[in-house]
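The structure appears right after this line, and notes come after that.
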Amino acid sequence: MMASARCGAKTRSGTPCRSPAVREKERCRMHGGAKGSGAPIGNQNALTNELYTREAIARRRAFNQMLREMHEHLRDFDEKT
């Protein structure tokens, strides 16, 4: 075990990972050496509350644009009176 190759990843503290690398790989099981490791394609966590779907983002942008226009009209109205 001590003679096996070490993982080449860096830890959060900046030191090299001391775990043994997976056989025929450069990384340990926690840093991407295992089959199927790593994040899945696409961010499914963003869909949990549906706050970051394209439709929700578009709705928020449209609403914010409408608010900006309303503030602009109110500012113009206040200047005229």
Side-chain angles (χ1 to χ4, degrees):
M1 182 86 159
M2 293 303 293
S4 62
R6 297 288 139 186
C7 176
K10 285 189 180 177
T11 62
R12 290 181 184 178
S13 63
T15 60
C17 176
R18 297 186 306 194
S19 297
V22 174
R23 187 179 322 142
E24 299 176 6
K25 304 269 184 161
E26 293 181 9
R27 301 283 186 244
C28 67
R29 63 186 176 85
M30 294 173 281
H31 289 116
K35 182 179 178 182
S37 64
I41 303 296
N43 186 359
Q44 296 301 314
N45 292 332
L47 301 178
T48 302
N49 297 317
E50 298 183 5
L51 293 174
Y52 300 102
T53 59
R54 285 189 181 125
E55 295 82 18
I57 292 170
R59 266 193 311 256
R60 282 195 300 272
R61 285 183 178 159
F63 182 75
N64 288 333
Q65 179 63 33
M66 183 178 66
L67 282 177
R68 281 191 291 275
E69 290 171 2
M70 288 176 61
H71 282 279
E72 199 173 303
H73 289 302
L74 286 173
R75 205 175 308 120
D76 291 342
F77 181 75
D78 284 341
E79 289 176 359
K80 290 179 182 177
T81 57

Worksheet entry | side chain to side chain contact (heavy atoms under 4.5 Å, CB included) against N64, all qualifying residues, sequence neighbours excluded | L67, R68
Discussion item. Among residues at least two apart in sequence or on other chains, which ones pass side chain to side chain contact (heavy atoms under 4.5 Å, CB included) with R75?
Written reply: H71, E72, E79
Worksheet item: Would you say R61 and Q65 make side-chain contact, with heavy atoms under 4.5 Å?
Response: no
For a quick test of your reading: what N or O donor-acceptor pairs under 3.5 Å do the side chains of residues 13-21 make, sequence neighbours left out?
{"unit_1": "S13", "atom_1": "OG", "unit_2": "T11", "atom_2": "OG1", "d": "3.1"}
{"unit_1": "S13", "atom_1": "OG", "unit_2": "T15", "atom_2": "OG1", "d": "3.3"}
{"unit_1": "T15", "atom_1": "OG1", "unit_2": "T11", "atom_2": "OG1", "d": "2.9"}

Discussion item. My understanding is that only one of R27, K25, R29 makes a side chain to side chain contact (heavy atoms under 4.5 Å, CB included) with C7; could you say which?
Written reply: R27
Discussion item. Are there over 12 heavy-atom neighbours, none belonging to M66, within less than 6.0 Å of that residue's CE?
Written reply: yes
Fill in: Greater than 12 external heavy atoms within 6.0 Å of E24's CD
no
Worksheet item: Between I57 and L51, what is the shortest heavy-atom contact and its length?
Response: CG1-O, 4.4 Å
Worksheet item: Does F63 share a hydrophobic cluster with M70, counting links as ILVMFWY side-chain heavy atoms below 4.5 Å and allowing steps through other members?
Response: yes
